[in-house]
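Here is the structure we will look at, set down as structure tokens.
Letters A, B, ... are given to chains in the order of the sequence lines, protein chains preceding strands, and every chain is numbered from 1. Computed from heavy atoms alone, side chains included, the values below leave out hydrogens, waters and symmetry copies.
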Amino acid sequence: MSQVRVRFAPSPTGFFHIGSARTALFNWLYARHTGGVFVLRIEDTDAARNSEEFLRVIYDSLTWLGLNWDEGPRVGACGGGDFGPYRQSERAAIYREYLDKLKAAGRTYEKDGAVWFKLLGERHEVFDDHRKKTVVKVKNAPAVIDDRIRGRVERTEDEDFVIVRSDGTPVFHFVNVVDDIAMNITHVIRGEDHLSNTSKHVELFQAFGAPVPAYAHIPLILKQNGPGKMSKRDQGALIEEYQRRGFLPEALVNFLCLLGWNPGDDREKMPIAEIIRLFDLPGVNQSNARFDEKKLAHMNLAYLLEVPPDAFVRQARDYFSRLGDLPAARAALVAAPEFFREVVLLCQPKLKGLEELPAYSAYFFTEDYSVDAKVRDKLLAKGDPLARLRELAKTLETADFSSDTAIEEAIKVLAAVHGLGFGDYQSIARLAVSGTNVGPSITGMFRVLGRDRVLVRLARFPAK
RNA sequence: GUCCCCAUCGUCUAGCCCGGUUAGGACACCACCCUUUCACGGUGGGCACCGGGGUUCGAAUCCCCGUGGGGACGCCA
């Protein structure tokens with residue numbers, strides 16, 4: 001059995017979205033599972049709609065997700081290969097050569113300045129209700145698709161179709177098949193939206209006398225709200241958005257794997273190496289899946305909890321850096337590295353995602369933090385919280401700040417003296433020091449902030 | 001309109017191929033527990049085999065028909 005060669009063939013005509021990413025992922029997984037080759041081919045035959053910016057997004061997103069390509073355009077350590085060029089806009093000579101083969105075989109004709117592919121069989125005219133015009137149909141035998149996910153599918157291609165536009169540029173169906181032949185592609189793994197196109201492609205492979213590759217049409221990802229498949233304009237559709245929001249690529253990849261595939265048991269969070277080991281085409285589902293970002297958020301949380309301290313600090317810093325000139329981000333970035341480290345590590349176990357970090361940690365980096373009025377009104381409404389604050393401040397003046405437990409002990413002793421509990425001091429102290437009612441433990445917060453800053457905040461609180 | 005694909009909790013899914021399960025797990029939701037807030041975590045709960053016909057002693061599982069969802073029908077990819 002010869003080596004598996006799969007390809008991911010995006011066209012740079014829009015942003016890179018969840019559906020494209022999963023198609024790339026499944027191709028990549030299959031290549032890695034079989035020890036095959038993962039080819040990246042850029043389908044930029046539609047000059048009017050392509051852009052270098054979109055191309056950049058494709059490279060960036062694939063790289064971020066860790067989907068390294070063995071052959072294709074050279075970017076970083078990826079790319080190269082003996083079947084180039086890998087951008088269709090640079091393969092015109094190859095398409096001409098293949099077109100000549102078809103012409104020589106008598107399988108083309110010209111009409112309206114375009115080159116058409118001629119199906120074999122008798123022709124007759126019929127009125128097409130969808131297009132509201134009379135069209136020429138061909139009495140043709142069905143193309144048989146042996147799909148690795150869906151089983152045997154038959155579809156009859158019954159109309160000739162354009163393969164070269166009147167401006168001389170070849171169209172998708174033609175270049176797609178030519179490149180799959182020229183690049184020795186053995187398995188075509190793509191979205192189910194291409195299933196209906198496959199009869200065209202099979203006709204072309206046969207006209208070229210080339211072996212038809214194995215097909216695997218994977219289910220589509222439906223938008224989370226409303227009908228239809230997910231498209232680049234839908235909320236939460238773009239990969240770059242998750243990158244920008246600080247999601248962990250490992251989490252997104254793991255989540256995407258589970259959309260249409262599962263290991264056959266109850267495991268969900270799995271190392272990518274294990275997924276590669278288990279992934280196979282027959283295990284892929286046949287029905288479409290709806291994207292659920294709540295579950296993605298949960299997966300992200302599970303991964304975030306496991307990021308080692310050094311890596312988390314680095315990622316937190318990167319995230320703040322990308323926020324650019326936002327005051328909160330700037331304040332965090334100019335803080336002393338050791339202090340920054342302590343703050344983000346204190347917050348790490350409480351976060352759902354990196355995107356929560358700036359707001360969650362803001363009061364560590366500035367004295368100018370806002371106080372939640374609702375929480376303040378509620379806390380001040382009962383008991384004598386300001387008295388608690390005065391007592392606490394007095395205690396903290398001399399308390400041992402060397403560890404969380406030392407601070408905790410001091411507060412507990414204070415509470416016991418007044419016949420109160422830790423909780424009687426906690427809420428109001430938290431509000432005074434952080435302006436909110438959520439956050440890390442106040443003992444950790446106090447220790448990281450330091451005695452002086454805590455005392456200043458406690459003292460000025462009533463005035464705020 | 002024609003053609004193609006699909007159909008288990010709200011969502012992702014296991015089970016289907018090789019008929020016999022209290023139809024399992026996860027996210028979300030609710031309750032309780034833990035607790036020093038908020039999370040995390042733990043325990044429990046509600047929640048599904050689209051409908052109708054067959055075949056069979058027995059159907060989520062096999063077959064047919066509906067219905068529903070999705071996709072394709074471009075000189076887009």
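Shown here are the side chain to side chain donor-acceptor pair (under 3.5 Å) partners of A:E250, two or more places apart in sequence or in another chain: there are none. Applying the side chain to side chain donor-acceptor pair (under 3.5 Å) test to A:H298 and every residue at least two apart in sequence or in another chain returns nothing. Applying the side chain to side chain donor-acceptor pair (under 3.5 Å) rule to A:K394 yields no partners; only residues at least two apart in sequence or on another chain are considered.
Rounded to whole Å, the distance from NZ on A:K294 to C1' on B:rU13 is 18 Å. To the nearest angstrom, P of B:rA28 lies 11 Å from CD of A:E268. With rounding to whole Å, A:R150 atom CZ is found 6 Å from B:rC6 atom P. In this structure, A:I221 atom CD1 and B:rC5 atom P are separated by 22 Å, rounded to whole Å. As rounded to whole Å, 14 Å separates atom C1' of B:rC27 from atom CG of A:N300. The separation between A:L259 atom CG and B:rC27 atom P is 16 Å, rounded to whole Å. One can place CZ of A:F291 at 16 Å from C1' of B:rU13, the figure rounded to the nearest angstrom. Between A:K295 atom NZ and B:rC29 atom P the separation is 13 Å, expressed in whole Å.
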Short N/O separations, protein against nucleotides 59-61 of chain B, under 3.5 angstrom:
none

Can you tabulate the close N/O pairs, meaning under 3.5 Å, that link protein atoms to atoms of nucleotides 64-66 of chain B?
none

Find every protein N or O atom lying less than 3.5 Å from an N or O atom of nucleotides 14-19 of chain B, and list the pairs.
residue	atom	partner	partner atom	Å
B:rA14	OP1	A:N262	ND2	2.8
B:rA14	OP1	A:N285	ND2	3.1

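Look at A:R430 and A:D372 and you find no salt bridge, because none of the NZ, NE, NH1 or NH2 atoms lies under 4.0 Å from a carboxylate O. Checked for salt-bridge contact, A:E53 and A:R56 miss the test: no charged N lies under 4.0 Å from a carboxylate O. Ion pair A:R388/A:D424 not flagged as a salt bridge, since none of the NZ, NE, NH1 or NH2 atoms sits closer than 4.0 Å to an Asp/Glu carboxylate oxygen.
In this entry the base of B:rC9 is anti relative to its sugar, with a glycosidic angle more than 90° from 0.
B:rG15 sits 49 Å from B:rC75 when the C1' atoms are compared, rounded to a whole Å. Taking the P atoms as reference points, B:rG20 lies 29 Å from B:rC27, given to the whole Å. When the P atom is compared between B:rU35 and B:rG24, the two are found 32 Å apart, to the nearest whole Å. Comparing B:rA7 with B:rA39, their C1' atoms are spaced 38 Å from each other, to the whole Å. Here the separation of B:rU8 from B:rG69, taken at their P atoms, is 14 Å to the nearest Å. For the C1' atom pair drawn from B:rG58 and B:rG70, the interatomic distance equals 34 Å after rounding to whole Å. Comparing B:rG68 with B:rG25, their P atoms are spaced 33 Å from each other, to the whole Å. Using atom P as the reference point in both B:rA60 and B:rG19, the two lie 14 Å apart (nearest Å).
Side chain of A:D100 to backbone of A:E97: no donor-acceptor contact under 3.5 angstrom is found.
For the salt bridge (charged side-chain N to carboxylate O under 4.0 Å, His left out) with A:E159, the lone residue among A:K200, A:R131, A:K139 that qualifies is A:R131. Just one residue in the list A:T405, A:D400, A:D404 forms a side chain to side chain donor-acceptor pair (under 3.5 Å) with A:S402, and that residue is A:D400.
In this structure the side chain of A:I411 reaches within 4.5 angstrom of the side chain of A:F446, judged on heavy atoms.
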field: Pair A:D167-A:R165, salt bridge (charged side-chain N to carboxylate O under 4.0 Å, His left out): steps then yes or no
entry: CA-CA 5 Å; A:D167 68 0; A:R165 300 183 187 94; 5.0 Å; no
field: Residue pair A:R190, A:E43: steps toward the salt bridge (charged side-chain N to carboxylate O under 4.0 Å, His left out) verdict
entry: CA-CA 14 Å; A:R190 52 165 34 161; A:E43 307 221 331; over 6 Å; no
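Sorted by first and then second residue, the pairs that involve residues 284-302 of chain A and meet salt bridge (Lys or Arg N to Asp or Glu O under 4.0 Å), not counting sequence neighbours, are A:E268-A:K295. For residues 10-19 of chain A, the side-chain hydrogen bond (donor to acceptor under 3.5 Å, both in side chains) pairs, not counting sequence neighbours, are A:S11-A:T13, A:H17-A:S20. Residue pairs meeting the salt bridge (Lys or Arg N to Asp or Glu O under 4.0 Å) criterion with at least one partner in residues 345-356 of chain A, sequence neighbours excluded, are A:R245-A:E355.
For B:rU21, there is no paired base (Watson-Crick or G-U wobble, both distances below 3.5 Å). B:rG74 is unpaired under the Watson-Crick or G-U wobble criterion, no partner having all donor-acceptor distances under 3.5 Å. Across every strand in view, B:rC9 sits unpaired, with no contact that passes the Watson-Crick or G-U test at under 3.5 angstrom. The pairing partner recorded for B:rG41 is B:rC33, the criterion being a Watson-Crick or G-U wobble arrangement whose two distances lie under 3.5 angstrom.
In this structure, A:R5 satisfies the cation-pi test against A:F83, with its NZ or CZ atom closer than 6.0 Å to the six-membered ring centre and inside 45 degrees of the ring normal. A cation-pi arrangement, defined by a distance under 6.0 Å to the six-membered ring centre and an angle within 45 degrees of its axis, is present between A:R22 and A:F26.
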query: Can you give one letter per nucleotide of nucleotides 70-77 of chain B, 5' to 3': B if a protein heavy atom sits under 4.0 Å from the base, S if only from the sugar-phosphate, - if neither?
result: BBSBSBBB
task: Would you mind building the protein contact string for nucleotides 35-43 of chain B? One character per nucleotide, 5' to 3', B for base within reach (heavy atoms under 4.0 Å), S for sugar-phosphate only, - for untouched.
output: -BBBBS---
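A distance of 6.0 Å or more separates the ring centres of A:F312 and A:Y319. Between A:F8 and A:W28, the distance from one ring center to the other does not fall under 6.0 angstrom.
Residue contacts for A:G421: at a heavy-atom cut-off of 4.0 Å it reaches no nucleic acid atom on any strand shown.
Annotation for A:K378: atom NZ does not count as buried by contact number, only 12 or fewer foreign heavy atoms lying within 6.0 Å.
Contacts between residues 17-29 of chain A and RNA chain B, defined by a heavy-atom separation under 4.0 Å, are absent.
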